[in-house]
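What follows is one structure encoded as structure tokens, with my remarks underneath.
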Amino acid sequence: MEARLRMKNIIIIIVGIAIYITIIFSVYKAIVKASFKHKKVVVSSIFVIITVFQIICAINFQSRPIWDFPVIQKFARDFNGEYLWGYEYIAQYPNNLFLYGIFKVMYKLANLIGFYNYDLIGIIFNMICIDLSALFTFLTVKKAFNSYNKGIFGLIIFATISPIFVYTSIYYTDTLSMLFAPLMIYIFLFLKDEKNIKKNIAYSLLLGVTTVIGMMLKMTVIIVLIAILIRWIFSSTKAVYKIVSISSIIAIMLCMFVCKSFVTQKLYERYGIKEEKQIPYTHWIMMGLKGNGGYNEEDFQYTQSFKTKEEKTSANITEIKNRISNMIETKNLKFVVNKFLYTWGDGTYFCLNKVVYKFGDTKTELKHFQDSWKVKAYVSVSQIRHISMLLLILSSYFVFIKRENKDNEKDVEIISKLVILGTVAFFMLWEARSRYLVNFIPVLIIAEIYGIESLIYKFESRKMKMLNEGKRKK
């Protein structure tokens, strides 16, 4: 019975992928050839549709109090210093200090005007960040291809990724940091063509500042900068511009990190937070080498069993060596495959583990919620959409288009591919989960467009070749 259901699901997904790719190819061709009289109205209409679906999801779903989310929210809403666990939490996870600071400021400002619906504030802020992600995806695609129509197509692609809407009520770092990847690439497109040294430095400083702010929300944002710098270093731009630019980026980032470290230290001293309680980065590498590579409570307790940060780090490194050695000895390729599928095989991006339906008695229970036919249908649609996107992205790595005199197209294509490769490599080492891909969704969309272009180019080239061969035979 289970085998039949599994086979049925596989067939549904295969048919669904074929249908989706056929539709998306048709939409792409139609939009690229279309002559829009009021392009801004079209773009505005798509944003209205996105916003409407966000509001519907915000009304119907609520975030479940799991992960670090409830601790940060409760700590940010504590104006009397009574929630002592908040200080303990920040000591363990200083990476969420900036997020805590953002919500603390927003909630204090809301209090000043007598508004106390903190969840609504978080949801609205999250919606703004998601919509900005869509905006910069549109602008980046538009500038990369020098085509308003392709920018519109990028926006439509963005709107087809349904988990983005479900994530509306989950105002956490995954969606709040999503705008930084397309924004950074967009800034780079201005920087790389700038021949004025002062403007070059200005764009470089802006890129550096954007990167640091993004990293304070989600460390993996650095992958985008690394991809940009690799492309920048190997570009044909004059060395003097590259030296000035890269030096400016590094300088501003170092200054910001020094300032961040200073402020963090002062906060630790003021509130008596002990740095030795911090969970070291080695912990997440160690955790990423066990089971499916995701969160592991046993590993967490193991790290916590050591008193100081130095002891934790040392114990983690020893365990990392043991696990890598064991994998090499046993040639455990199954672990690699399982971890990759766990990270990249979930089209819902883990959102259903974080939300519940707001209405009804039994549906508020996660089990009943996840077992409903509507959710199962949603999962199937999300899987079809996600796998289709990955297949289209993969195709762009094997089908190359000669892009003469189209530097922006080349640059963004190379950067998006480097980001994806970097993300795959990073999460093969680090503790992983499908929701950690959410902030890279704009890059995946951009890469998907290149995949669509590559296949259409391949099909049309083959068609032309067959026609030419037919003419020669005649």
Side-chain angles (χ1 to χ4, degrees), residues 95 98 129 132-133 135-147 150-151 154 177-264 402-423 425-426 439-440 442-443 446-447 450:
N95 58 300
F98 184 60
C129 289
L132 284 173
S133 305
L135 175 63
F136 283 110
T137 301
F138 161 72
L139 291 173
T140 301
V141 173
K142 174 177 167 284
K143 188 164 178 63
F145 291 96
N146 192 27
S147 168
K150 287 185 182 179
S177 64
M178 190 163 57
L179 70 95
F180 289 95
L183 174 57
M184 288 163 67
I185 297 171
Y186 188 61
I187 293 169
F188 173 71
L189 291 177
F190 285 95
L191 165 63
K192 74 182 192 66
D193 293 325
E194 189 52 66
K195 300 298 184 268
N196 182 297
I197 289 293
K198 288 184 180 178
K199 288 184 178 179
N200 180 292
I201 293 171
Y203 282 127
S204 301
L205 294 175
L206 181 59
L207 180 57
V209 170
T210 304
T211 302
V212 174
I213 294 171
M215 285 179 68
M216 286 196 290
L217 280 170
K218 203 81 168 174
M219 182 184 68
T220 50
V221 167
I222 191 63
I223 295 171
V224 182
L225 181 66
I226 292 169
I228 288 171
L229 292 181
I230 290 171
R231 175 55 184 162
W232 193 215
I233 289 166
F234 291 101
S235 69
S236 59
T237 306
K238 287 183 180 179
V240 63
Y241 294 111
K242 290 190 277 192
I243 292 167
V244 169
S245 176
I246 294 170
S247 299
S248 300
I249 292 168
I250 293 171
I252 191 65
M253 288 181 71
L254 286 174
C255 286
M256 289 185 73
F257 279 124
V258 168
C259 291
K260 175 182 174 287
S261 180
F262 176 78
V263 171
T264 302
K402 196 173 182 181
R403 303 180 187 276
E404 293 178 358
N405 303 318
K406 294 182 178 180
D407 289 341
N408 281 356
E409 284 189 31
K410 287 182 203 170
D411 291 332
V412 175
E413 180 178 23
I414 291 167
I415 290 167
S416 62
K417 287 179 178 179
L418 286 173
V419 170
I420 292 167
L421 289 174
T423 305
F426 180 82
N439 64 315
F440 291 110
V443 178
I446 292 167
Y450 281 105

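All figures in this text were calculated on a predicted structure; none of them were measured in a lab. Residue numbers start at 1 and run along the sequence shown.
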Item to check | Lys238 atom NZ, neighbour heavy-atom count above 12 within 6.0 Å | outcome: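 At most 12 heavy atoms, drawn from other residues, nucleotides or ligands, come within 6.0 Å of this atom.
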Item to check | Asn146, CG: over 12 other non-hydrogen atoms inside 6.0 angstrom | outcome: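 Result for CG/Asn146: open.
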Next on the checklist: Please confirm whether the ring centroid of Tyr186 lies under 6.0 Å from the ring centroid of Phe138.
Outcome noted: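 No: the rings miss the under 6.0 Å criterion.
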Can you name the closest pair of heavy atoms from [X] and [Y] and give their distance?
X: Lys198; Y: Asn196; value: N-OD1, 2.9 Å
X: Asn439; Y: Ser177; value: CB-OG, 3.3 Å
X: Lys195; Y: Lys192; value: NZ-O, 4.1 Å

Keeping [X] on the side-chain end and [Y] on the backbone end, is there a donor-acceptor pair under 3.5 Å?
X: Thr140; Y: Pro182; result: yes
X: Ser416; Y: Glu413; result: yes
X: Ser261; Y: Val258; result: no
X: Tyr241; Y: Asn200; result: no

[Y] side chain reached by [X] side chain, heavy atoms, under 4.5 Å:
X: Lys142; Y: Ser147; result: no
X: Ile252; Y: Val209; result: yes
X: Thr137; Y: Leu179; result: no
X: Tyr203; Y: Leu207; result: no
X: Ile415; Y: Leu418; result: no
X: Val412; Y: Tyr450; result: yes
X: Arg231; Y: Lys410; result: yes
X: Met215; Y: Phe257; result: yes

In Å and rounded to the nearest 0.5 Å, what is the [atom1] to [atom2] distance from [X] to [Y]?
X: Phe136; Y: Ile185; atom1: CZ; atom2: CD1; value: 12.5 Å
X: Leu206; Y: Leu183; atom1: CG; atom2: CG; value: 7.0 Å
X: Phe180; Y: Thr220; atom1: CZ; atom2: OG1; value: 11.5 Å
X: Met253; Y: Thr211; atom1: CE; atom2: OG1; value: 5.0 Å
X: Leu229; Y: Ile250; atom1: CG; atom2: CD1; value: 7.0 Å
X: Ile446; Y: Lys417; atom1: CD1; atom2: NZ; value: 13.5 Å

Item to check | Evaluation steps, side chain to side chain contact (heavy atoms under 4.5 Å, CB included), between Val221 and Leu225 | outcome: CA-CA 7 Å; Val221 167; Leu225 181 66; over 6 Å; no
Next on the checklist: On the six-membered ring of Phe234, is Lys242 placed so that its NZ or CZ lies under 6.0 angstrom from the centre and within 45° of the ring axis?
Outcome noted: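 The answer is no, since Lys242 fails at least one limit relative to Phe234.
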Checklist entry - Going by atom types alone, do Ser245 and Ser204 pair a side-chain donor with an acceptor below 3.5 Å? => result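 Short answer, yes.
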Item to check | Name of the residue among Val212, Thr264, Leu217 meeting side-chain contact (heavy atoms from CB on, under 4.5 Å) with Phe98 | outcome: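 It is Leu217; the other options fail the test.
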Checklist entry - Between Ile243 and Val240, does a side chain to side chain contact (heavy atoms under 4.5 Å, CB included) hold up when you go through it step by step? => result CA-CA 5 Å; Ile243 292 167; Val240 63; 5.8 Å; no
